[in-house]
Amino acid sequence: MSDQTDNLRPSASSAPVIEVDAGEAFWRKGPKDTLPPPDMMGPYMRNRPLPVTKIEGRKAWIIGSGIAGLAAAFYMIRDGGMKGEDITIIDTMDVAGGSLDGAGNPDDGYIIRGGREMNWNYDNFWDIFQDVPARELPEGYSVLDEYRLVNDNDPNWSKARLMHKQGEIRDFSTLGLSKSQQWEIIKLLLMRKEDLNDVTIDSYFSKGFLETNFWYLWRSMFAFENWQSLLEVKLYMHRFLDAIDGLTDMSALVFPKYNQYDSFVVPLINLLKAKGVKVQFNTRAYDLAMTEEDGERTVTEILCKVGDKDETIPLGPDDVVFALTGSMTEGTAYGDMDKAPDLQRSLTPPDEGSDWALWQNLAKKSSVFGKPEKFCGNPAGSMWESATLTCKPSPFVDKLKELSVNDPYSGKTVTGGIITFTDSNWVMSVTCNRQPHFPTQPDDVLVLWVYALLMDKDGNYVKKPMPACTGREVLTELCYHLGIVDQIDEIAAHTKVRLALMPYITAQFMPRAAGDRPRVVPEGCTNLALLGQFVETNNDIIFTMESSVRTARIGVYRLLGLPKQVADISPTQYDIRNILKGARALNNNEPFPGERLLHRLLDKTYYAHILPPLPEKESAVAHAESELSALLGKGNHAVTTLVGWLEQFRSGLKK
């Protein structure tokens, strides 16, 4: 690189902050502000920066082959210019993907431990997959192209999102919130994050709120337990504010053609291997040796077990390490049609042989690495169970057809997401995504996924907690809620059930305070970045593939010295259109207080389109007078004055 090009590099002191915070302060444009707003996304952010530090000759070690680890390798190659052969991914398992799994066959039954909600504004996630070659489309197309082709032509929605009374669809046309319950949400949105340290959901919301349509929709879609973190609920509300009007029928969501392992992990790992990235399986990293000097911490060795043998991976002076902290699916206990999972094993806190050991050992070195015990110290509080059903035609499939948007065998949207049984003691849900759910799945086989949130309650029909049940008993409880339990023998004869009891699956939602999760690059660390669902970012949520990718991108840019911003979450939460339509949705699709006044003010202006259409026709003056009377009181002189002002304003627009 020439001296002239070297002069174009920003110095380390003048490099922009990589992880920006849109909520930190008011942003305005001035001559010293050469960077766009902190939450801006789009083609302008696709630049490839010149590195501040030397890339050639450096090696990278990535601990964990989940989406975060794969994303770190991707960004080091694409944006950092690193050679693939200088990157090694190590993983405890013998297959890539981490918690993004999907396996099995029609004879033994398929299994998927879980799935993640997908949204349009997962900006970092789609930034990767617009550059990953498509799985099935011809050369030149990307995974994003493939995804759009499916979803643009097969919109997602649900006609049976909530059910009760053994097979009856519950009215879910509105969020079912009273005025006081609406105010509970508004107050939460207005609260500062700093005021919600260790506050739980059930200590804030009223008991009535926790029985509303809104909460059944919200908790089942995102897997919140009532005793978990209120702060995370708040962050989710900001993140998905743009989707709240599509929350009831799930029209806000988009889903891949196949399961998420085959849709995302397979094409991404194939790309990385083609670039020379090495993957070393059956290797558990349990600690990092590091030096500390003048407040700086530098990793010098990775301590790991390869099989049963202890090994040490030495690091060169310029090498970097990316490490996953914690694991949502560590300690999974499995069951099948005739066997329940081992509950006692799942209730045992993680030991030195678990995927939590690395974070636990780091936390012993310094408080900058957070407090893992806040998340993994109470497995009973973060546990739930899922079941994967492999089904051939039976009365169960006949019932499924009644509840589906399209025929389950059509290849199109089926249930449109989960169906939740609101009177289930387990808070049980079931979903059938597009079929086939696996690329080689036979034509006469359907794969469904079931999960429940409450692990300590007896079933409504099977008088046991879910973890004590065999696959047949879980299937029986499901059929009870569908109103077809009298046909269970025939259904069971044509269905295989595989169970997964996961003690830490919502550990990331456990009540927490500032400092309990480490930053992506903890203070003083020179060559270590932490990835995944148990690290702190400014405003993003966790338990999404987007948040995993965000942590990887921040870590790569920081450790490789790339002067490039990772934009804050999509600014849709600040969009007045989303705020207005969200207010309408919270008010059960009725005009919110003051909305008619806004219509009267704006209906003849350029900005009229930002308002949701009014549901009924009324006199324009009556609209204004009724709203003002409600706000100011009947007979108030100000009502007459303001109505007159509105009419003068509207008349002035016509001149």
Side-chain angles (χ1 to χ4, degrees), residues 117 119-121 155-159 161-162 170-191 205-206 208-209 211-222 233-254 416-417 569-632 642 646 650:
E117 309 294 0
N119 202 354
W120 296 333
N121 59 17
N156 190 76
W157 63 284
S158 170
K159 70 177 188 181
R161 175 65 180 89
L162 298 180
R170 170 169 159 166
D171 180 11
F172 59 94
S173 58
T174 73
L175 299 178
L177 296 165
S178 68
K179 297 297 183 187
S180 63
Q181 291 163 351
Q182 294 170 32
W183 184 237
E184 291 178 52
I185 293 178
I186 293 169
K187 286 194 297 183
L188 180 59
L189 289 169
L190 293 173
M191 293 175 75
F205 287 117
S206 62
F209 180 94
E211 294 298 323
T212 61
N213 275 2
F214 175 90
W215 188 240
Y216 275 111
L217 293 165
W218 197 270
R219 73 177 306 197
S220 60
M221 182 172 171
F222 299 122
V233 172
K234 172 183 171 62
L235 294 175
Y236 263 75
M237 287 181 176
H238 288 283
R239 188 54 149 114
F240 292 107
L241 183 64
D242 64 308
I244 198 167
D245 61 328
L247 178 64
T248 51
D249 63 6
M250 300 197 108
S251 58
L253 299 183
V254 284
I569 66 170
S570 175
T572 52
Q573 62 171 315
Y574 303 118
D575 188 326
I576 187 64
R577 296 168 298 176
N578 288 323
I579 294 172
L580 292 172
K581 73 174 184 176
R584 172 74 75 87
L586 289 179
N587 201 39
N588 302 313
N589 302 326
E590 293 294 324
F592 54 84
E595 184 182 337
R596 290 185 173 90
L597 274 175
L598 288 174
H599 273 275
R600 188 63 183 152
L601 181 65
L602 299 177
D603 63 356
K604 300 298 183 184
T605 74
Y606 176 83
Y607 295 100
H609 68 283
I610 71 172
L611 296 170
L614 289 171
E616 76 283 336
K617 297 292 184 181
E618 296 179 12
S619 160
V621 174
H623 273 270
E625 288 184 348
S626 64
E627 288 281 6
L628 286 169
S629 295
L631 292 169
L632 301 175
L642 286 172
L646 277 173
R650 286 165 53 81

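In this chain, numbering begins with 1 at the start of the sequence shown.
Scanning all heavy atoms of the two residues, the minimum distance from Val233 to Trp215 falls at CG2-CH2, 4.1 Å. When all heavy atoms are compared, the tightest approach of Arg584 to Glu590 is CD-O, 3.1 Å. Nearest heavy-atom pair, Ile185 versus Met237, reported as atom, atom and distance to 0.1 Å: CG2-SD, 4.0 Å. Listed here is the closest heavy atom pair of Trp157 and Lys159: CZ3-CB, 3.7 Å. When all heavy atoms of Leu580 and Pro612 are compared, the pair lying nearest together is O-CG, 4.2 Å. Of all heavy-atom pairs spanning Lys179 and Asn587, the tightest one is NZ-OD1, 2.6 Å.
No side-chain heavy atom of Phe592 sits less than 4.5 Å from a side-chain heavy atom of Gln182. Side chains of His599 and Glu595 form a contact here, defined as non-hydrogen atoms less than 4.5 Å apart. Under the 4.5 Å side-chain criterion, counting only non-hydrogen atoms from C-beta, Ile576 is not in contact with Tyr607. Phe214 is not listed as a side-chain neighbour of Leu217, based on a closest heavy-atom distance of 4.5 Å or more.
Atom CZ in Arg577 sits 12.0 Å away from atom CG in Leu611 (nearest 0.5 Å). Taking NE2 of His238 as the reference point, atom CD1 of Ile569 lies at 8.5 Å (rounded to 0.5 Å). With rounding to the nearest 0.5 angstrom, the CZ atom of Arg161 is 10.0 Å from the CG atom of Asn213. The distance from the CE atom of Met191 to the CG atom of Leu188 is 6.5 Å, given to the nearest 0.5 Å. The CG atom of Asn119 sits 8.0 Å away from atom OG1 of Thr572, with the distance rounded to the nearest 0.5 Å.
The backbone N or O of Gly416 sits less than 3.5 Å from a side-chain atom of Asn156, completing a donor-acceptor pair. Proximity of a side-chain donor or acceptor of Asn588 to a complementary backbone N or O of Gly176 within less than 3.5 Å is detected. With hydrogens and angles ignored, the 3.5 Å screen pairs a side-chain donor or acceptor of Asp171 with a backbone N or O of Ser173. Remark: the backbone N or O of Phe209 is not paired with any side-chain donor or acceptor of Glu184 at under 3.5 angstrom.
A donor atom on one side chain and an acceptor atom on the other are not found under 3.5 Å apart for Gln181 and Thr212.
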What donor-acceptor contacts under 3.5 angstrom involve side-chain atoms of residues 240-249, with partners at least two apart or in another chain?
unit_1 : atom_1 : unit_2 : atom_2 : d
Asp245 : OD1    : Lys581 : NZ     : 3.4
Asp249 : OD1    : Ser251 : N      : 3.0
Asp249 : OD1    : Ser251 : OG     : 2.8

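Between Phe222 and Trp218, the two ring planes are perpendicular [angle over 60°; tilted spans 30° to 60°].
Every residue two or more places apart in sequence or in another chain that forms a salt bridge (Lys or Arg N to Asp or Glu O under 4.0 Å) with Arg239 is listed here: Asp540, Glu546.
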